[in-house]
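One-based numbering along the sequence shown. Whatever order the structure lists them in is the order used to number ligands and atoms, beginning at 1.
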Amino acid sequence: MRLYIIGAGVIGRTHAETAKKLSEPIKLRVADTNPIALAAFCDQFPEAIGFTNVEEMLNSEAAENDDIVIISTPPLAHLDPTKLSLKSGRHVLCEKPLAMNLSQAEEMVQLAEKHDRYLGCCSVRFKGMPHMEAIKDVIRSGCLGDIYHVTFVNKWERSRSGIEYQPASRWFLDSTQSGGGVLMDWGPYDFATLNDILHPDVIEINSAWVAKPITEIDPSDTPFDVETHVGASMTYICDNQPVHVHYERASCAHSEEYVRVEIEGTLGSVRWTPFDSRQPVFKRYDKQGQIVEEQVETGPRSEFTIFDNPLLHFYRKVRGLDSHANVNQQVLNNFQCITALYNAAKKSEKQTIDLVQKGVII
Ligand SMILES: NC(=O)c1ccc[n+]([C@@H]2O[C@H](COP(=O)([O-])OP(=O)(O)OC[C@H]3O[C@@H](n4cnc5c(N)ncnc54)[C@H](O)[C@@H]3O)[C@@H](O)[C@H]2O)c1
């Protein structure tokens, strides 16, 4: 199988590492408009054929039915290479966030469907991890009773992409290149996770807000106009039942670091750390009027890491195997959660995403 990586930066290299773990030999091609980034990639992966021009790479050989292109450029440069790749007859796995805005995302999905190709998104990085599957088993068992509330809070004190994390990639801070801040950066994982677990028919974003706490090291030599703290009050309608979701995500906050994800039902609750599979999963329920807390068995750790999962899942989808990949309308629905949350914050208006009307189960 052939894998074409567009964007030879940090995440492009992790995808190339994953390619070595797939169950068949992978021929690697890579394109980056920056010759220095390209040369560094080709030093690390000497088996790769490198190009400084994306079209030249895609036109260098006829497409085969199982060719996969990974788009690992900054969000501003997701649309054009995705279009070129789909038009060339190849499946595309795009890094998160899928696009800069909803109309770009719609255009990408329409093109994938027109060319009968899969368009996937790397927002599924946490799907299929043993601890996530264990949570789904707990829910399916019915032991939580009627689920009515979810807390999904992940607040880090200082973890801004482009400042504390990966400071060389300043584009994260500039909305004209990144599309937005922590919601564009982490929201795709949050919604892919929440939607996988709750399977909503409708998502109502009742209210939302974005904020940018100030620090003494905020850069002034580069555009920095993105939010680093975001929150929403949402209602997920699942099997005609409302589930109230408190959502918060921060890469910079002046409050204490706080990470808590918990599902509460009439008979019990379950809590876990979605983005750290080493942390235990706990179930709580009542026994004779007293709380009982038990650790949930999550089975052996996966041989694949969260960095492997997007390509692993997409590869399995293209090969027709059972897969946790999200493709086409599913990736559009997940991306729409992000844009709807921004709209709710900007317009101070409730936003509704009707997934049943779209005929797609997430
Ligand atoms: N860094 C991470 O930990 C991480 C994790 C998950 C997802 N992502 C996502 O991956 C994408 C890339 O992030 P990154 O951290 O690897 O960025 P990066 O800055 O390390 O690398 C981006 C690369 O893309 C190249 N590029 C830019 N425009 C291009 C174009 N039009 N054609 C070809 N190459 C082009 C740049 O030269 C650069 O080498 C983003 O969407 C990001 O959100 C990053």
Side-chain angles (χ1 to χ4, degrees), residues 4-18 29-45 48-59 69-85 88 92-101 104-105 108 119-127 156 159-193 222 226 228 249 251 275 305-314 331 334-335 338:
Y4 301 76
I5 294 181
I6 300 178
V10 171
I11 210 68
R13 288 195 291 268
T14 68
H15 290 305
E17 286 293 348
T18 301
R29 283 87 171 99
V30 58
D32 199 300
T33 44
N34 177 344
I36 298 169
L38 183 66
F41 186 102
C42 292
D43 277 350
Q44 192 177 341
F45 302 96
I49 305 175
F51 298 82
T52 48
N53 183 296
V54 171
E55 275 186 279
E56 198 189 312
M57 176 177 75
L58 296 171
N59 292 334
V69 182
I70 300 187
I71 310 294
S72 48
T73 47
L76 175 67
H78 284 183
L79 177 67
D80 290 344
T82 296
K83 283 166 65 178
L84 286 171
S85 304
S88 80
V92 173
L93 173 60
C94 186
E95 261 304 339
K96 45 53 59 172
L98 186 62
M100 294 286 284
N101 53 51
Q104 284 190 359
M108 288 157 77
L119 171 64
C121 182
C122 293
S123 56
V124 293
R125 197 157 259 126
F126 300 91
K127 271 184 82 179
W156 290 318
S159 184
R160 293 168 292 185
S161 296
I163 303 179
E164 289 86 10
Y165 176 74
Q166 217 172 303
S169 299
R170 290 298 226 208
W171 59 260
F172 277 107
L173 306 174
D174 178 359
S175 65
T176 64
Q177 297 187 65
S178 60
V182 71
L183 181 59
M184 278 292 198
D185 199 13
W186 278 92
Y189 301 131
D190 297 342
F191 281 100
T193 300
T222 187
V226 298
T228 55
R249 167 65 78 174
S251 57
F275 306 110
T305 70
I306 54 162
F307 289 104
D308 297 326
N309 280 338
L311 177 55
L312 174 71
H313 296 339
F314 196 71
V331 296
N334 279 331
F335 185 69
I338 310 283

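Atom numbering of ligand 1 starts at 1 in the shown order; those under 4.0 Å from a heavy atom of R125 are 6 (C), 7 (C). Counting the atoms of ligand 1 from 1 in the order shown, those under 4.0 Å from a heavy atom of N34 are 37 (O). When each atom of ligand 1 is checked for a heavy atom of A37 under 4.0 Å away, the hits are 39 (O). Residue A77 has at least one heavy-atom neighbour below 4.0 Å for each of these atoms of ligand 1: 28 (N), 31 (N). Numbered from 1 in the order shown, with element, the atoms of ligand 1 that lie under 4.0 Å from a heavy atom of H78 read 41 (O). Below 4.0 Å from some heavy atom of Y189 lie the following atoms of ligand 1, by number and element: 6 (C), 7 (C).
The nearest heavy-atom contact from the protein to atom 16 (O) of ligand 1 is I11 N, 2.9 Å. Nearest protein neighbour of atom 21 (O) of ligand 1, counting heavy atoms only, is G9 CA, 3.3 Å. Atom 7 (C) of ligand 1 has as its closest protein heavy atom E95 OE1, 3.0 Å. The protein atom (non-hydrogen) at minimum distance from atom 22 (C) of ligand 1 is P74 CD, 3.7 Å. The nearest heavy-atom contact from the protein to atom 20 (O) of ligand 1 is V10 N, 3.0 Å. In this structure, atom 33 (C) of ligand 1 lies nearest to the protein heavy atom T33 N, 3.6 Å.
At least one donor-acceptor pair under 3.5 Å links the side chain of S72 to the backbone N or O of G7. Panel note: side chain R29, backbone I49; no donor-acceptor pair is recorded below 3.5 Å. Within the 3.5 Å criterion, the main-chain N or O of I71 finds no donor-acceptor partner in the side chain of H78. D32 contributes a side-chain N or O that, together with a main-chain N or O of A8, makes up a donor-acceptor pair within less than 3.5 Å. The backbone N or O of K127 sits less than 3.5 Å from a side-chain atom of H313, completing a donor-acceptor pair.
Listed by chain and residue number, D174 satisfy the side chain to side chain donor-acceptor pair (under 3.5 Å) test with T176 (two or more places apart in sequence, or in another chain).
The shortest N or O to N or O distance between Y165 and ligand 1 is below 3.5 Å. At least one N or O atom of Q166, backbone or side chain, sits closer than 3.5 Å to an N or O atom of ligand 1.
Between G162 and F172 the shortest heavy-atom distance is N-CD1, 4.0 Å. Between A99 and M108, the shortest heavy-atom contact is CB-SD, 3.9 Å.
The closest approach between W171 and ligand 1 falls below 4.0 Å for a heavy atom of the residue. Using a 4.0 angstrom heavy-atom cutoff, F51 does not count as in contact with ligand 1. At least one heavy atom of P75 sits closer than 4.0 Å to an atom of ligand 1. Under a 4.0 angstrom heavy-atom cut-off, R13 registers as lying outside contact with ligand 1.
Contact check for E55 versus L84: side-chain heavy atoms found under the 4.5 Å cut-off. Side-chain contact check for N34 versus F41: every heavy-atom pair is 4.5 Å or farther apart. With a 4.5 Å cut-off on side-chain heavy atoms, C42 and V30 count as touching.
Relative to atom 18 (P) of ligand 1, the option among S169, S161, P310, S72 with the closest non-hydrogen atom is S169. Across T52, D185, D32, V30, heavy-atom proximity to atom 39 (O) of ligand 1 is greatest for D32. Scanning V54, I71, T73 for the heavy atom closest to atom 35 (C) of ligand 1 points to T73. Of the candidates R170, H15, M184, K96, the one placing a heavy atom closest to atom 42 (C) of ligand 1 is K96.
Residue F41 does not touch ligand 1, judged by heavy-atom distances below 4.0 Å.
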Going through the distances and angles, do L79 and T82 end up as a side-chain contact (heavy atoms from CB on, under 4.5 Å)?
-> CA-CA 5 Å; L79 177 67; T82 296; 5.8 Å; no
Take I6 and M57 through the side-chain contact (heavy atoms from CB on, under 4.5 Å) test and state the conclusion after the steps.
-> CA-CA 9 Å; I6 300 178; M57 176 177 75; 3.6 Å; yes
Pair up each side-chain donor or acceptor in residues 180-189 with any protein partner under 3.5 Å, not counting sequence neighbours, and list the distances.
from: D185; atom 1: OD1; to: K96; atom 2: NZ; distance (Å): 2.7
from: D185; atom 1: OD2; to: S161; atom 2: OG; distance (Å): 2.6
from: Y189; atom 1: OH; to: R125; atom 2: NH1; distance (Å): 2.5

